[in-house]
Peer 1: 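I have a structure here, written as structure tokens, and I will follow up with some questions on it.
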Amino acid sequence: MNDGVTKTKLKVLFLGPKGTYSHQAALQHFGHLCDSSIYFVPTRSIPQCFDDLEKDTSVNYSSCPLRVILLMDKWFFSYALLRDQMIQSKNKIHNRIITPLEVVGEQYVSISHCLISPVTFPKGDNLSNYNHVKIYSHPQVWGQVSLYLTDLKAKYRHMKFECIDTTSTSEAVRIALETQNNGTQDSKVLNLAIASQTAANLFNGVIIDNEINDKKGNTTRFLVLQRRDSNKGTRLHKKGMESDNANLNINFTTFTARKDDPGSLVDILMILKSHSLNMCSISSRPCNRGLDGRNWHYIFFIEYYNFSEHIDWEKFHEEFDKHCLEWCLWGSFPRNERYYAHVDKQ
Ligand SMILES: O=C(O)C(=O)Cc1ccccc1
């Protein structure tokens with residue numbers, strides 16, 4: 001019933017154009033909302049997903065792969081964007097950094113790559129009619145199809161193969177089809193793309209090979225971010241998880257340790273143990289913070305969850321704050337049920 005109050009639609013950013021795996025992650029996460037209450041906006045890059053979410057208050061969420069991204073011919077890991085946001089944030093409470101964005105959810109997308117062509121091949125015809133094949137895709141894809149590409153090059157030894165990075169898999173399809181059809185290239189050159197079936201269908205590409213991932217059941221994890229709700233202040237961890245695992249609550253934190261203290265990392269991880277917190281992931285990236293004029297610090301990314309209902313988060317915060325050089329609680333969010341559908345396939 002229309003109560004006379006016009007609800008503004010939620011705005012969700014994803015790495016565009018439509019048909020990317022990031023688009024699929026956003027649809028999976030918010031698909032339960034009807035079209036009248038949400039719209040999905042494509043961006044040209046993952047950094048734009050971060051920047052526009054932070055600066056444009058009309059944007060509510062961003063869906064970002066927690067993996068490789070390409071920016072100005074450099075490979076950036078999304079971890080780097082989280083790291084940079086943490087070390088650039090000025091909002092600090094003692095050693096705790098309050099970043100403008102927070103993580104409010106996760107998604108898992110099955111990655112099934114197809115080799116997509118602008119042209120159909122008459123029965124029995126194949127790539128042999130060409131002597132130069134350009135394959136376009138997102139940089140994260142090359143490592144997921146390396147065996148397939150090796151076999152393809154072995155099968156067509158006479159041909160020149162060229163892999164060209166694009167900002168997304170869908171963009172790869174658009175560029176391959178546009179380049180092939182704009183008639184600017186030698187007729188012996190074929191432009192192909194590696195992307196999902198969805199992207200192929202969206203751009204009317206022809207799938208000439210599917211499920212070309214080296215590893216079947218491949219999954220990419222995405223994070224859902226929003227601007228920290230300023231009136232929530234420094235958000236504490238959500239209270240403990242419910243009794244059964246289905247509602248596991250994941251906490252995502254980054255921190256830098258005191259570099260020269262022997263065992264400083266161990267001391268920090270021991271805080272998790274002393275509070276019965278189970279660490280479920282750890283990763284690190286160089287972080288030349290130069291806080292103390294020295295380089296080669298590392299920033300650690302950890303995720304942890306609790307079984308017991310009664311965690312003394314205040315005490316946990318105090319101890320964490322005491323042992324870390326800097327730290328940031330990016331968010332606490334429920335474990336997505338798709339995690340369980342994929343975890344055994346990793
Ligand atoms: O380019 C896309 O479709 C993306 O969403 C980035 C990506 C690329 C490859 C695997 C997972 C996500």
Side-chain angles (χ1 to χ4, degrees), residues 12-31 40-53 61-82 103 105-116 135-149 163-178 191-203 205 207 209-225 283 336 338-339 341-342 345-346:
V12 179
L13 303 184
F14 66 92
L15 174 63
K18 288 183 177 178
T20 60
Y21 294 106
S22 296
H23 186 204
Q24 188 177 330
L27 291 171
Q28 280 178 196
H29 203 75
F30 296 98
F40 299 95
V41 179
T43 68
R44 288 182 306 283
S45 72
I46 305 283
Q48 188 191 344
C49 284
F50 274 69
D51 293 345
D52 289 5
L53 174 61
Y61 298 100
S62 273
S63 156
C64 301
L66 187 60
R67 288 296 177 99
V68 176
I69 52 150
L70 173 70
L71 181 70
M72 274 85 84
D73 293 339
K74 278 176 66 184
W75 284 30
F76 275 68
F77 287 81
S78 303
Y79 283 118
L81 290 165
L82 295 167
V103 178
E106 62 173 359
Q107 264 305 328
Y108 295 86
V109 173
S110 292
I111 303 299
S112 180
H113 296 313
C114 304
L115 186 62
I116 300 158
I135 304 179
Y136 301 82
S137 199
H138 182 278
Q140 183 166 328
V141 171
W142 306 130
Q144 298 170 339
V145 296
S146 54
L147 296 179
Y148 175 80
L149 292 179
C163 290
I164 301 166
D165 288 344
T166 54
T167 52
S168 77
T169 55
S170 274
E171 184 65 355
V173 181
R174 187 190 67 75
I175 291 172
L177 272 59
E178 201 172 272
N191 297 277
L192 302 177
I194 296 178
S196 66
Q197 180 172 339
T198 306
N201 298 341
L202 271 174
F203 291 93
I207 294 176
D209 223 342
N210 52 31
E211 292 214 4
I212 64 173
N213 306 42
D214 296 339
K215 196 170 80 171
K216 304 311 170 210
N218 191 330
T219 301
T220 288
R221 186 182 185 204
F222 291 77
L223 294 182
V224 180
L225 296 115
S283 186
N336 185 283
R338 284 188 173 86
Y339 168 84
H342 296 290
K345 293 178 183 169
Q346 292 309 317

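All of these numbers come straight from a predicted model, not from anything done at the bench. Ligands are counted one by one from 1 in listed order, and the atoms in each one are counted from 1 as well.
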Peer 1: Does Arg221 come within less than 4.0 Å of Glu106, counting only side-chain N to carboxylate O?
Peer 2: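 Here Arg221 pairs with Glu106 in a salt bridge, since their nearest N and O are under 4.0 Å apart.
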Peer 1: Going by distance only, is there an N or O of Thr167 that falls short of 3.5 Å from an N or O of ligand 1?
Peer 2: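 No - when backbone and side-chain N and O of Thr167 are compared with those of ligand 1, no distance drops under 3.5 Å.
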Peer 1: Could you list the residues that satisfy side chain to side chain contact (heavy atoms under 4.5 Å, CB included) with Ala176, not counting sequence neighbours?
Peer 2: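 Ala176 satisfies side chain to side chain contact (heavy atoms under 4.5 Å, CB included) with Tyr136, Asn191, Ala193 only.
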Peer 1: Quick one: are Ile164 and Ile175 in side-chain contact, heavy atoms under 4.5 Å?
Peer 2: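 No, side chains not in contact.
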Peer 1: Using a strict cut-off of 4.0 Å, indicate which atoms of ligand 1 neighbour a heavy atom of Thr20.
Peer 2: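 So the answer, numbered in order with elements, is 2 (C), 3 (O), 5 (O).
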Peer 1: Closest approach of Phe203 and Ser170, non-hydrogen atoms and distance?
Peer 2: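 In this case the closest contact between Phe203 and Ser170 is CE1-O, 3.8 Å.
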Peer 1: Return the set of residues passing side chain to side chain contact (heavy atoms under 4.5 Å, CB included) with Glu178 (not counting sequence neighbours), or none when no residue passes.
Peer 2: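 Side chain to side chain contact (heavy atoms under 4.5 Å, CB included) check on Glu178 returns Arg174.
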Peer 1: Suppose I only count heavy atoms of Ser168 and a 4.0 Å limit; which atoms of ligand 1 are within that range?
Peer 2: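 Listed by number with element: 1 (O).
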Peer 1: Please determine if Tyr21 has a nitrogen or oxygen closer than 3.5 Å to a nitrogen or oxygen of ligand 1.
Peer 2: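 Yes; at least one N/O pair falls below 3.5 Å.
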Peer 1: Show which atoms of ligand 1 fall inside a sub-4.0 Å distance from at least one heavy-atom site of Thr220.
Peer 2: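 Contacts of ligand 1 toward Thr220, numbered from 1: 10 (C), 11 (C).
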